[in-house]
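Values in this document were obtained by computation on a predicted structure and should not be read as measured data. Atoms within each ligand, like the ligands themselves, are counted from 1 in listed order.
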Amino acid sequence: MTHWTKMERDELERQYSPSRWSHRMSADDVIKAHVKALKEGTEQARDLAQTLLNVPYGEGDGEKLDVYIPKTNSLDVHLVVYLHGGYWQFLSKEESGFMAVPLIDKGVVVVAVGYDIAPKGNMDLMVSQVRRSVVSVVQQYSHISGLYLCGHSAGAHLAAMVLSTDWSQYSITPQIKGAFLVSGIYDLLPILSTYVMEPLKMTEEVAVRNSPSKLVPQLKLSSSSCQIVVAVAENDSPEFRKQSEEYYKALEESGLSVTMEDVANTDHFNIIEQLVDGEYHLTKLLLKMMGKN
Ligand SMILES: N[C@@H](CC(=O)c1ccccc1NC=O)C(=O)O
């Protein structure tokens with residue numbers, strides 16, 4: 001495959017337009033269906049679960065999270081923090097509780113984090129926000145028996161940045177037991193000059209300091225005992241698939257506990273939408289990681 005540095009801008013932008021690679025629908029329709037699926041799933045979770053909505057984790061307007069709470073008397077409660085996708089400029093926590101139903105069913109707490117997407121937020125701010133959200137969750141729920149992270153697309157990038165945090169600047173060091181990184185981007189340099197970054201206005205310096213691919217040594221220091229799953233859709237674009245494969249290899253080579261999941265019959269969107277279903281491969285894998293199968 002042609003290296004991204006040798007691609008014409010058109011081709012690079014096609015590679016980084018996930019909606020153009022779905023085998024199910026047209027580009028416009030797959031995005032519409034994605035937003036609809038996430039919204040409906042979140043509505044259902046809000047109907048079924050006990051919730052704490054708009055809990056602040058910082059001073060900023062956008063620094064709020066939603067908690068989906070299971071009915072359980074168990075002391076062995078696990079918690080999954082979900083970071084939504086949308087190329088750092090779409091979506092919000094309002095449609096990010098969709099995965100809660102099968103998880104609360106098994107006694108797992110789900111937290112959907114809001115962060116300031118572009119143009120309001122920039123990359124450094126979003127990374128700082130998701131890091132602070134995790135610290136706040138740990139402070140609030142210090143009794144939980146396991147903290148897990150799950151992120152999709154841009155949210156997988158943010159989750160990888162959380163794993164790569166130097167926590168010495170923070171009040172506590174969260175112990176993250178597992179992370180599900182789904183169809184993420186781990187090297188921001190290829191998209192720096194594409195349409196994706198127009199609302200983000202990033203410099204190369206910002207892209208480098210926020211690329212998990214450049215922070216593997218820090219991840220090794222901060223998250224050495226975290227079990228990491230790098231998942232990618234069969235019908236993600238070749239560039240997206242390469243992003244996941246290369247990040248997986250870098251983690252593996254540094255001796256981390258990481259597995260690669262190439263999820264058959266999925267595209268960039270339904271690879272995560274299907275987490276509404278308790279029987280879906282990734283839902284089962286997530287529950288298994290928490291010992292809840
Ligand atoms: N231009 C992008 C748009 C995109 O990625 C997106 C748009 C709305 C909601 C979510 C999106 N992406 C992943 O979560 C694409 O081609 O899919």
Discussion item. Could you report the tightest heavy-atom contact between Arg241 and Asp262, atom names first, then the distance?
Written reply: NH2-OD2, 2.8 Å
Could you go through ligand 1 and list every pair where one of its N or O atoms sits under 3.5 Å from a protein N or O, giving the atom names and the distance to one decimal?
unit_1	atom_1	unit_2	atom_2	d
ligand 1	1 (N)	Tyr195	OH	2.9
ligand 1	14 (O)	Gly86	N	3.1
ligand 1	16 (O)	Pro18	N	3.4
ligand 1	16 (O)	Ser19	N	3.3
ligand 1	16 (O)	Ser19	OG	2.7
ligand 1	17 (O)	Ser19	N	3.0
ligand 1	17 (O)	Ser19	OG	3.3

Fill in: Asp66 with Arg46: basic N within carboxylate O range, under 4.0 Å
yes
Worksheet item: Under 6.0 Å between the ring centres of His84 and Phe90?
Response: no
Item to complete: Scan residues 232-271 for pairs that pass ring-ring contact (aromatic ring centres under 6.0 Å, His included), counting only residues two or more places apart or in two chains.
Response: Tyr16-Phe240, His34-Phe269, His152-His268, Tyr186-Tyr247, Phe240-His268
Fill in: Sidechain-backbone polar pair: Ser74 side chain, Val77 backbone, donor-acceptor under 3.5 Å
no
Discussion item. Does this structure show an ion pair linking Glu245 with Lys249, if we count only N-O contacts that are shorter than 4.0 Å?
Written reply: no
